[in-house]
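Single-structure report; data block below.
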Amino acid sequence: MEATLTSGQTFNWEWSADGWTGVVCGRWVRLQQEGSLIRARTSEPQRTWDWLEEYLQVKVNLNEVLASFPNDPHLQLAVAACRGLRLLRQEPWECLASFLLSSTKQIVQIRQIVAMLSSTFGRQLSALGGRPAFGFPSADRLAAVREAELRACKMGFRAPYLLATARLIADGHCDLESLRNLPLAEARERLMELPGVGGKIADCVLLFAFGFPEAFPVDVWVTKVLSRFYFRGRRVKPSRLRSFIEMHFGPNAGYAQQYLFHYIRTQTRGEQ
DNA sequence: GACCAGGACCATT
DNA sequence: AATGGTCATGGT
């Protein structure tokens, strides 16, 4: 669970001695790992846990996913180092907005920005003990604020992108939920029409929110690890990298990407 | 105090 | 098509 929640696919989980605290579908949640089980606590009674099972993707058979990976020693090394890492199924708007804020930011900083944005514009939620919690602000809410208010959340040049995209979602010009049912390439194009959304951020939404398992976000870390593992550390043109990815990683390429990303990031921390 | 971070966009070649 | 500069901020 730790690998899943700290691997840079989501930014709103906080660890403490009591477990992992976060917000899913507008509900405050605390998760505790007990062996192979996960215990969940909410601040209010729940009539169903479907929303959490969907988010955590607990019904995905991880062994089947891993069995679909190519049998190459580098990838297997990453798999061994990131035991239990899963892909979440996040809410599209929160995922899109979070990754709009992610460009050339370290994960710790993205977490700070998301936290400030939520506490400023998000809905306050009841929580068990501790500090109050805040949900991620809706597109409607953000569409109504001024750019300066967003910049006050330390997002810098990303503020106009977030604002413009929030407005396109809020006024119905773009319906995120409808993109879920499109073919991957088409959904990707629709996403890239949004201001501030290029191929990488689109791939993140396709993989982390819409659940396209073959979507493969390529950032500086993934570029680095692919170069090191499969191209003897040499620079590789993006187009060549793309064709290698499609050739090599199979139907669950996105999972493989997440293992490689988390592996290289945790291995080289503090190095160089 | 450099260097860099889960990029996108625009102006030049 | 392919670089190069720019954007804002702060962690390491």
Side-chain angles (χ1 to χ4, degrees), chain A residues 3-13 78 82 85-88 90 92 94-117 120 136 146-168 174 188-210 212 214-229 235-243 245 249 253-272:
Chain A
T4 299
L5 298 181
T6 64
S7 64
Q9 53 180 316
T10 179
F11 307 100
N12 68 338
W13 290 92
C82 309
L85 175 58
R86 284 172 182 271
L87 290 180
L88 301 169
Q90 303 179 49
E94 176 172 351
C95 182
L96 169 62
S98 297
F99 280 98
L100 261 175
L101 301 173
S102 74
S103 61
T104 58
K105 277 290 184 191
Q106 298 179 162
I107 289 177
V108 281
Q109 298 181 51
I110 303 168
R111 297 169 56 83
Q112 292 168 4
I113 297 171
V114 166
M116 198 176 313
L117 190 65
T120 307
F136 193 86
R146 287 177 297 114
E147 182 180 319
E149 300 180 83
L150 294 181
R151 285 185 183 264
C153 295
K154 308 300 183 185
M155 67 185 69
F157 64 84
R158 304 155 192 84
Y161 293 147
L162 179 62
L163 184 55
T165 291
R167 287 177 174 166
L168 289 175
C174 175
R188 192 172 193 262
E189 281 189 26
R190 293 286 92 78
L191 285 170
M192 289 177 65
E193 291 172 358
L194 296 167
V197 180
K200 190 271 174 181
I201 293 177
D203 286 337
C204 287
V205 177
L206 293 171
L207 183 62
F208 302 141
F210 293 155
F212 288 94
E214 66 271 51
F216 199 105
V218 176
D219 74 322
V220 292
W221 289 98
V222 171
T223 301
K224 181 191 300 185
V225 70
L226 290 179
S227 165
R228 182 180 300 178
F229 281 178
R235 292 186 61 241
V236 189
K237 286 190 290 191
S239 57
R240 176 128 184 261
L241 211 51
R242 271 296 157 199
S243 56
I245 289 164
F249 289 107
Y255 275 88
Q257 174 276 151
Q258 199 62 19
Y259 276 90
L260 290 170
F261 174 81
H262 191 56
Y263 173 75
I264 194 68
R265 229 175 52 81
T266 51
Q267 287 301 307
T268 61
R269 187 173 299 171
E271 210 178 88
Q272 65 187 345

Can you name the nearest heavy-atom pair linking A:L168 to A:P195, along with the distance? CD1-CD, 3.6 Å

Once rounded to the nearest 0.5 Å, what's the spacing between atom CD of A:Q258 and atom CG of A:L88? 9.0 Å

Would you say A:S103 and A:Y161 make side-chain contact, with heavy atoms under 4.5 Å? no

Paired runs of 3 or more consecutive Watson-Crick or G-U pairs involving DNA chain B, with both pairing distances under 3.5 Å, are B:2-5 with C:9-12, B:7-13 with C:1-7

Side chains of A:F229 and A:L260: does their closest heavy-atom pair fall under 4.5 Å? yes

Heavy-atom check, side chain of A:F210 versus side chain of A:C95, under 4.5 Å: no

Please name all residues satisfying side chain to side chain contact (heavy atoms under 4.5 Å, CB included) with A:K105, sequence neighbours left out, ordered by chain then number. A:Q109, A:I110, A:I113, A:R158

Rounded to the nearest Å, what distance is computed from the CG atom of residue A:L226 to the C1' atom of nucleotide B:dG6? 13 Å

Residue met sooner reading DNA chain C from 5', once A:R235 and A:Q112 are mapped to nucleotides: A:R235

Touch class at under 4.0 angstrom, heavy-atom based, for A:T10 against every strand present: nothing

Ring centroid separation A:F261 to A:F216 under 6.0 Å: no

What is the separation between atom CD1 on A:I113 and atom C1' on C:dT9, rounded to the nearest whole Å? 8 Å

Minimum heavy-atom separation for A:L117 and A:L150, please, with both atom names. CD1-CD2, 3.8 Å

For nucleotides 8-13 of chain B, read 5' to 3', which letter fits each nucleotide if B means a protein heavy atom sits under 4.0 Å from the base, S means only the sugar-phosphate is that close, and - means neither? SS----

Suppose you measure atom P in B:dG6 against the same atom in C:dT3; what distance do you get, rounded to whole Å? 24 Å

Nearest to the side chain of A:S102 - B:dG6, C:dG11, C:dA8? B:dG6

Looking only at heavy atoms, what is the nearest atom pair of A:A215 and A:L206, with distance? CB-CB, 3.8 Å

Expressed as a whole number of angstroms, how long is the span from A:L117:CG to C:dT9:P? 15 Å

Does A:T223 have any side chain to side chain contact (heavy atoms under 4.5 Å, CB included) partners at least two apart in sequence or in another chain, and if so, which? A:V218, A:L241

Does A:F99 stack onto the base of B:dG6, taking stacking as ring centres under 5.5 Å apart and planes under 30° apart? no

Between C1' on C:dT9 and CZ on A:R111, what's the gap in Å once rounded to a whole number? 18 Å

With sequence neighbours left out, which residue pairs that include part of residues 197-208 of chain A fulfil the side-chain hydrogen bond (donor to acceptor under 3.5 Å, both in side chains) condition? A:R188-A:D203, A:D203-A:R242

Take atom CZ of A:F157 and atom C1' of C:dC7, then tell me their distance rounded to the nearest Å. 5 Å

Taking all non-hydrogen atoms of both residues into account, name the closest pair between A:P217 and A:V222 and its distance. O-CG2, 3.8 Å

Check nucleotides 2-5 of chain B against the protein and report each pair of N or O atoms closer than 3.5 Å, with its distance, or say if there are none.
| unit_1 | atom_1 | unit_2 | atom_2 | d |
| --- | --- | --- | --- | --- |
| B:dA5 | O3' | A:K105 | O | 2.9 |
| B:dA5 | O3' | A:Q106 | N | 3.4 |
| B:dA5 | N3 | A:T104 | O | 3.0 |

Integer-rounded Å distance: C:dA2 P and A:K237 NZ: 6 Å

Whole-Å distance between B:dG6 P and A:L260 CG? 16 Å

Taken to the nearest whole Å, CG/A:L100 to P/C:dA8 is 17 Å

